[in-house]
> 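Quick one: structure below, then a few questions.
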Amino acid sequence: MSAVHHVDHVIIGAGFAGLCTAIKLQEDGETDFVVLEKCSDVGGTWRDNTYPGATCDVPSQLYSFSFAPYDWSRSYSPQPEIQDYIRSVAERSGTLDRFVFDTPAEDASWDDATQRWTVRTQNGTWVSRTLVVGAGGLSAPRTPEIEGIETFQGRVFHSARWDHDADLAGKRVAVIGTGASAIQIVPELQKTLEATGGHLDVYQRTAPWIIPRNDRVYPATERAALRRVPGLRRLYRTGIYWAHESYVPAFTLAPGLAAPATRAATLNITRAVKDPALRAKVTPYFKIGCKRILRSNDWYPALTADNVELVTDPIAKVTGNAIVTADGTEREIDVLVVATGFWTTELPITEHLTGRTGRTLAERWRESGMAAYKGTTVPEFPNLFMVVGPNTGQGHTSMIFIIESQVAYIRDALRHLRRSGAASVEPLPEATDRWNRTLQQRMRRTVWTRGGCHSWYLDAHGRNTTLWPRTTADFRRRLASFDADAYRVVAPVEVAPGEVEQ
Ligand code: NAP
């Protein structure tokens, strides 16, 4: 029989969210926790996405915790540098001894009789007072449902699970998708294949809007100044933060404000693409901002290279060695990369979280749509805290600001539990409904719902359950303190000594 461990808090996931939670709990003296991580390293999405060209598309300065600044090498840092940053923060934090790697949480359920969560894994069971889920909103790869894809005989892999053993030299490669991942992968693949006589087909269903990326290496003098001049790094970061916050009205209030971005993106096309037919193919039909605005200087030049074909005819099927489009054309390939995004509105982990009524979170959300109170807590799920929960996502800035805001709220909730002697908190249905009604009303005016596109922001009913429709500063203000009056606060049950604690 596998071991049963009793702790105060279980945290699921060792990405930015789980790590931030662990560090901040420790700061509060809440040291009795464990972080369960399915893989063998910290880093979450930045550990998983090792595809060629993986780089942050929000400035590096915003890609660090406010409490752990970093000496970034350039304005948009590559994945290995971000992963090194996360690892270095974890190592310095003194929390790593409570990280349990290679231990996916298989299921977690709340027991009202003991007022505890029970989290089962193949390596043992953890029983805890609270459960913090930091499993990520963009962590479960979504592979396309295309007829015959399972019959393909060559290598096939998702962008977030890059197969580094696949030999691409001189091969015929296809990439399906033209989202944030694909636009970073394709220019790198194009160069590799050009150098080795290989060919690349890029399958585009929807042309994205792409603005130039003002990437630069930080000169040594600038890095030294950022390290040494007191307050300079903070000032820098604050400037970048507010510059990005200023984009929000263009998304949420008046899409007309995005005209300069549309001009920059259009110029990005006309400068690089001279062929009118290719220009027509890469020009988006929807309003800028409706889908995530992408940043690249080398996407369009890559598409114009001799060894690349942009295919816009819909894919009909995949055979053992080719992709066949609806017009009947068959293009033979050796390797297939699916850069087709993630499960975002139906999060797989919710199938494995069971609340006090015996329903899973997935069942609850299938009925009512993905919704939480303040993106963090859910009725029927006592002492469950989600980091990067529903409607906390960002299209314009770093998620780390949101993560720190949510973790501050969770710390305050735990302080409330300590002070009040209560055993559990769970948001009231009325407060949760009010929060989401207001949010969805606001959503109606946004470019995400009115911009004429379909994106991963929207669920099957066309509701945006992923993004926060105001500034991140506003989000932080709303989560600044734990609002116990919006919660069902439950006193401890009478338990015979030894029944709960061991
Ligand atoms: P994505 O933005 O969802 O893009 C998926 C692409 O695959 C889209 O072009 C989509 O076409 C296409 N697609 C999906 N299913 C298809 C099918 N059955 N047939 C043909 N095409 C199909 O996914 P992603 O590029 O992985 O990016 C997801 C999010 O991750 C981003 O929005 C961003 O938030 C984050 N991200 C960040 C970075 C960064 O910071 N550097 C990098 C990568 C990703 P449609 O547009 O027609 O649906």
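No experiment lies behind these values; they were computed from the predicted model shown. Basis for what follows: all heavy atoms, side chains included, without hydrogens, waters or symmetry-related copies.
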> Check Glu222 with Arg216, please: is the shortest side-chain N to carboxylate O separation under 4.0 Å?
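Result for this pair is yes, salt bridge flagged.
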
> Near Arg161 CZ, under 6.0 Å, is it more than 12 heavy atoms from other residues, nucleotides or ligands?
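Enclosed.
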
> When you look at Tyr70 and Phe65, which way does the ring-ring contact (aromatic ring centres under 6.0 Å, His included) test go after all the steps?
CA-CA 9 Å; Tyr70 198 57; Phe65 291 123; over 10 Å; no

> Is it true that atom CZ of Arg271 has more than 12 heavy atoms of other residues, nucleotides or ligands lying nearer than 6.0 Å?
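At most 12 heavy atoms, drawn from other residues, nucleotides or ligands, come within 6.0 Å of this atom.
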
> Are the aromatic rings of Trp72 and Tyr63 close, with centres under 6.0 Å apart?
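No: the rings miss the under 6.0 Å criterion.
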
> Inspect the surroundings of CG in Asp327 and state if more than 12 heavy atoms from other residues, nucleotides or ligands are less than 6.0 Å away.
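Enclosed: over 12 neighbouring heavy atoms sit under 6.0 Å from CG of Asp327.
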
> Roughly how far, to the nearest 0.5 Å, is OG1 of Thr319 from CD1 of Ile149?
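Rounded to the nearest 0.5 Å, the CD1-OG1 separation comes to 11.5 Å.
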
> If we ignore angles and hydrogens, is there a donor and acceptor under 3.5 Å between the side chains of His352 and Thr360?
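Not at all, the side chains of His352 and Thr360 share no donor-acceptor pair under 3.5 Å.
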
> Which one of Lys191, Gln190, His199 satisfies the side chain to side chain donor-acceptor pair (under 3.5 Å) criterion with Asn307?
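It is Gln190; the other options fail the test.
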
> Between Tyr247 and His244, does the ring centre distance come in under 6.0 Å?
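When the ring centroids of Tyr247 and His244 are compared, they turn out to be within the sub-6.0 Å range.
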
> Is there a donor-acceptor contact under 3.5 Å linking the side chains of Asn464 and Thr466?
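Yes, side-chain donor-acceptor contact under 3.5 Å.
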
> Would you kindly say whether Tyr85 and Glu81 are connected by a side-chain donor-acceptor distance under 3.5 Å?
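Side chains of Tyr85 and Glu81: no pair found under 3.5 Å.
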
> Between Ser64 and Arg237, do the side chains contain an N or O donor and an N or O acceptor separated by less than 3.5 Å?
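Arg237 and Ser64 do have a side-chain donor-acceptor pair below 3.5 Å.
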
> Which is it for Thr472 and Tyr241 under the side-chain hydrogen bond (donor to acceptor under 3.5 Å, both in side chains) test, yes or no, and what are the steps along the way?
CA-CA 10 Å; Thr472 60; Tyr241 169 76; 2.8 Å; yes

> Does a side-chain N-to-carboxylate-O contact under 4.0 Å join Arg295 and Asp57?
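No, no charged N to carboxylate O under 4.0 Å.
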
> Step through the shown structure and confirm whether more than 12 heavy atoms of other residues, nucleotides or ligands are within 6.0 Å of NZ on Lys317.
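No, the 6.0 Å shell around NZ holds no more than 12 heavy atoms from other groups.
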
> For Cys56 and Ile82, which heavy atoms make the closest approach, and how far apart are they?
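Nearest pair, atom of Cys56 first, then Ile82: CB-CD1, 3.7 Å.
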
> Tell me, please, whether Phe401 has Arg476 positioned over its six-membered ring: NZ or CZ under 6.0 Å from the ring centre and within 45 degrees of its axis?
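So Arg476 does make the cation-pi contact.
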
> Let me see the working for His158 and Phe342 under ring-ring contact (aromatic ring centres under 6.0 Å, His included), right down to the final yes or no.
CA-CA 10 Å; His158 191 274; Phe342 301 88; 5.6 Å; yes

> Any Lys/Arg nitrogen of Lys38 or Asp102 sitting under 4.0 Å from an Asp/Glu carboxylate oxygen of the other?
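Result for this pair is no, no salt bridge flagged.
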
> Give a yes or no on whether the backbone of Ala371 and the side-chain of Trp365 come within a donor-acceptor separation of less than 3.5 Å.
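Side chain of Trp365 to backbone of Ala371, a donor-acceptor pair under 3.5 Å: yes, one is there.
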
> Of the non-hydrogen atoms in Ile23 and Ser93, which two are nearest, and what is the gap between them?
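Between these two residues, the closest heavy atoms are CG1-CB, 3.6 Å.
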
> Any Lys/Arg nitrogen of Lys171 or Asp167 sitting under 4.0 Å from an Asp/Glu carboxylate oxygen of the other?
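Salt bridge between Lys171 and Asp167, a charged N being under 4.0 Å from a carboxylate O: yes.
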
> Looking only at heavy atoms, what is the nearest atom pair of Pro390 and Met386, with distance?
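Closest approach of Pro390 to Met386, heavy atoms only: CD-SD, 4.3 Å.
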
> Around Gln122, counting heavy atoms of other residues, nucleotides and ligands shown, do more than 12 lie under 6.0 Å from its CD?
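At most 12 heavy atoms, drawn from other residues, nucleotides or ligands, come within 6.0 Å of this atom.
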
> By the definition side-chain contact (heavy atoms from CB on, under 4.5 Å), identify the one residue from Val338, Thr340, Thr325 that meets it with Tyr203.
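Exactly one candidate clears the test, Thr325.
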
> Taking atom types as modelled, find out whether Thr376 and Gln406 have a side-chain donor-acceptor pair closer than 3.5 angstrom.
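Yes, because at least one side-chain N or O of Thr376 sits under 3.5 Å from a partner of the opposite role on Gln406.
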
> Please examine the side chains of Trp162 and Asn49, heavy atoms only from C-beta on, and report whether any two atoms are closer than 4.5 Å.
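When only atoms from C-beta onward are counted, Trp162 and Asn49 do not touch, as no gap falls below 4.5 Å.
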
> Are the charged groups of Arg155 and Asp163 less than 4.0 angstrom apart, N to O?
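So Arg155 pairs with Asp163 through a salt bridge.
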
> Are side-chain N/O atoms of Ser75 and Asp215 paired as donor and acceptor at under 3.5 Å?
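Ser75 vs Asp215: donor-acceptor pair found between side chains.
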
> For Arg366, is there an ion pair with Glu351 - N to carboxylate O distance below 4.0 angstrom?
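Salt bridge: yes.
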
> Side chains of Gln26 and Arg98 only: does a donor on one sit below 3.5 Å from an acceptor on the other?
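Per modelled atom types, Gln26 and Arg98 side chains form a pair under 3.5 Å.
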
> Looking at Arg292 and Ala180, would you say the former's side chain and the latter's main chain have a donor-acceptor pair under 3.5 Å?
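Checked: no pair found.
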
